[in-house]
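To start, the structure under review is shown below, and the notes come after it.
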Amino acid sequence: MRKTLIATLLAISLPAAALANPFGHHGPRGGDHGPRHFHELNLTKEQQREIAKLMGDEMKNQRKITKRYLDKLPESEKKAMEKDLQENREKTQKGIRALLNADQQKAFDEHLKKLEEKRAERAEFEAWKAEKAKKAQ
């Protein structure tokens, strides 16, 4: 059960970890100027700084929320944690959206829609995999 919880928490936090450094500076050599979804928005330097700050705050809040619920194994607590994380994510997305102009907002919304589709596909795959594992037993 503990391994399952740890795996669940890791899976929940991976998308946020992937966005923790939204402008793609990977190590000392820098790298490109960010993931495609931010690069396509043509953000100003000020917008980049503000979004990086918002995303950093989101990561800090997610760690606090995760720590708060880590030792609570009942299903109700897991759902409460997921709700808090979702609310935190939505707050950050709303803050990011407020910094963008109309064209950037449209591109951002399209990106969020694609992310949601990927999450749904992943959830469907995980359900299929779990069902297949049950049948194999």
Side-chain angles (χ1 to χ4, degrees):
M1 183 71 164
R2 187 173 274 285
K3 288 181 183 179
T4 303
L5 177 63
I6 291 170
T8 302
L9 292 173
L10 182 61
I12 290 171
S13 64
L14 282 177
L19 294 174
N21 191 357
F23 303 108
H25 300 290
H26 306 289
R29 288 180 270 160
D32 66 1
H33 294 299
R36 280 174 276 170
H37 62 278
F38 282 99
H39 186 69
E40 293 171 358
L41 297 176
N42 297 319
L43 300 172
T44 66
K45 293 290 182 187
E46 181 61 27
Q47 287 174 319
Q48 290 177 5
R49 280 191 292 275
E50 290 294 321
I51 289 171
K53 181 183 180 310
L54 286 168
M55 295 182 82
D57 290 344
E58 178 187 15
M59 287 296 296
K60 288 176 189 173
N61 289 335
Q62 284 183 336
R63 277 189 231 108
K64 288 178 186 176
I65 293 166
T66 301
K67 184 172 174 46
R68 188 176 350 149
Y69 292 101
L70 187 59
D71 294 328
K72 298 177 181 179
L73 296 177
E75 189 64 31
S76 62
E77 295 298 328
K78 289 181 197 175
K79 288 185 187 228
M81 180 185 77
E82 289 175 15
K83 181 180 178 229
D84 281 356
L85 290 171
Q86 179 63 30
E87 288 171 357
N88 187 44
R89 189 177 312 113
E90 288 171 1
K91 177 183 170 190
T92 300
Q93 289 172 354
K94 188 181 278 188
I96 290 171
R97 214 170 172 283
L99 293 170
L100 305 175
N101 65 38
D103 291 335
Q104 292 169 329
Q105 286 178 354
K106 183 179 177 185
F108 184 69
D109 292 342
E110 288 173 9
H111 173 70
L112 291 178
K113 183 179 176 184
K114 288 178 187 176
L115 281 177
E116 189 55 41
E117 288 171 0
K118 285 182 181 181
R119 280 189 193 112
E121 286 176 13
R122 181 67 183 183
E124 185 178 332
F125 170 72
E126 291 296 332
W128 172 82
K129 196 165 79 170
E131 185 64 31
K132 186 177 177 182
K134 280 184 183 177
K135 288 180 182 178
Q137 290 178 356

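Counting from 1, the numbers follow the sequence of the chain as shown. All values below were derived from every heavy atom in this structure, side-chain atoms included, with hydrogens, water molecules and symmetry-related copies excluded. These numbers were taken from a predicted model, which means no experiment stands behind them.
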task: Begin with the C-alpha distance, continue with both residues' side-chain angles, and end with the deciding distance and a verdict on salt bridge (Lys or Arg N to Asp or Glu O under 4.0 Å) for Glu126 and Lys129.
output: CA-CA 5 Å; Glu126 291 296 332; Lys129 196 165 79 170; 3.7 Å; yes
Glu124/Glu121 under side chain to side chain contact (heavy atoms under 4.5 Å, CB included): CA gap, chis, key distance, verdict: CA-CA 5 Å; Glu124 185 178 332; Glu121 286 176 13; 5.6 Å; no
message: For Arg97 versus Phe108, what's the shortest heavy-atom pair and its separation?
response: CG-CD2, 4.2 Å
Expected output: side-chain Gln137 to main-chain Lys134 donor-acceptor under 3.5 Å: no
message: With salt bridge (charged side-chain N to carboxylate O under 4.0 Å, His left out) as the test, pick out the partner of Glu87 among Lys91, Lys83, Arg89.
response: Lys83
Between [atom1] of [X] and [atom2] of [Y], what distance do you get to the nearest 0.5 Å?
X      : Y      : atom1 : atom2 : answer
Leu112 : Glu117 : CG    : CD    : 11.5 Å
Asp103 : Glu40  : CG    : CD    : 13.0 Å
Met81  : Ile65  : CE    : CD1   : 9.0 Å
Leu41  : Glu110 : CG    : CD    : 10.0 Å
Gln104 : Gln47  : CD    : CD    : 4.5 Å
Leu115 : His111 : CG    : NE2   : 3.5 Å

- prompt: Residues in side-chain contact (heavy atoms from CB on, under 4.5 Å) with Leu54, at least two apart?
  reply: Thr92, Ile96, Leu99
message: Do the side chains of Arg49 and Glu46 get close enough for a salt bridge, i.e. N-O under 4.0 angstrom?
response: yes
field: Residues Lys53, Glu50: salt bridge by 4.0 Å N-O rule
entry: no
field: Verdict with reasoning, Lys106 to Leu100, per side chain to side chain contact (heavy atoms under 4.5 Å, CB included)
entry: CA-CA 9 Å; Lys106 183 179 177 185; Leu100 305 175; over 6 Å; no
Candidate pair Gln86 and Glu82, rule side chain to side chain donor-acceptor pair (under 3.5 Å), full reasoning: CA-CA 6 Å; Gln86 179 63 30; Glu82 289 175 15; over 6 Å; no
query: Given Lys94 and Glu90, is the salt bridge (Lys or Arg N to Asp or Glu O under 4.0 Å) satisfied, shown in steps?
result: CA-CA 6 Å; Lys94 188 181 278 188; Glu90 288 171 1; over 6 Å; no
query: Considering only heavy atoms from C-beta outward, does the side chain of Asp84 approach that of Asn61 to under 4.5 Å?
result: no
